[in-house]
Amino acid sequence: EKWLRVVTAIKKRYMDPENRLHDYFIRRYINNEAWQKTCKEMEISRGTYYVMRAEIHRAAEVYAVGCGAVKAEDVIE
């Protein structure tokens with residue numbers, strides 16, 4: 001149940017069209033698009049792609065710690 005709250009919070013945050021990572025989130029996590037296609041169509045580098053991915057992962061970690069799905073000391077920096 002705690003992980004469902006994490007998933008719900010992340011989806012809510014990044015499904016918002018006002019969020020700057022909205023398009024990336026939809027391509028990566030909703031459409032399961034290959035990174036090459038995302039980079040080409042969004043006109044971003046592979047490095048930028050992975051920075052965006054890391055930002056979303058970090059947000060998920062923060063939510064997970066906040067709702068008790070994972071202990072803070074178990075989150076790797």
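Just so you know, residue 1 is the first one in the sequence shown, and it goes up from there.
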Does [X] reach the side chain of [Y], with side-chain heavy atoms less than 4.5 Å apart?
{"X": "Thr48", "Y": "Glu43", "value": "no"}
{"X": "Tyr29", "Y": "Ile56", "value": "yes"}
{"X": "Tyr63", "Y": "Cys67", "value": "no"}
{"X": "Ile44", "Y": "Met52", "value": "yes"}
{"X": "Arg20", "Y": "Glu55", "value": "yes"}

Measure the [atom1]-[atom2] distance between [X] and [Y] for me, rounded to the nearest 0.5 Å.
{"X": "Asn32", "Y": "Thr38", "atom1": "CG", "atom2": "OG1", "result": "9.5 Å"}
{"X": "Tyr24", "Y": "Met42", "atom1": "OH", "atom2": "CE", "result": "9.0 Å"}
{"X": "His22", "Y": "Arg27", "atom1": "NE2", "atom2": "CZ", "result": "10.0 Å"}

According to a 4.5 Å side-chain heavy-atom criterion applied to Ile, Leu, Val, Met, Phe, Trp and Tyr, with indirect links allowed, do [X] and [Y] form part of one hydrophobic cluster?
{"X": "Phe25", "Y": "Tyr49", "answer": "yes"}
{"X": "Val7", "Y": "Val70", "answer": "no"}
{"X": "Tyr50", "Y": "Ile26", "answer": "yes"}

Minimal heavy-atom distance between Ser45 and Cys39, with the atoms involved, is O-SG, 3.7 Å
Taking salt bridge (Lys or Arg N to Asp or Glu O under 4.0 Å) as the test, write out the residues that go with Arg53, two or more places apart.
-> none
Side chains of residues 8-16: which donor-acceptor partners sit under 3.5 Å, not counting sequence neighbours?
{"residue": "Thr8", "atom": "OG1", "partner": "Leu4", "partner atom": "O", "Å": "2.8"}
{"residue": "Asp16", "atom": "OD1", "partner": "Glu18", "partner atom": "N", "Å": "2.9"}

Taking it one step at a time, do Asp74 and Glu61 satisfy side-chain contact (heavy atoms from CB on, under 4.5 Å)?
-> CA-CA 10 Å; Asp74 292 336; Glu61 290 173 344; over 6 Å; no
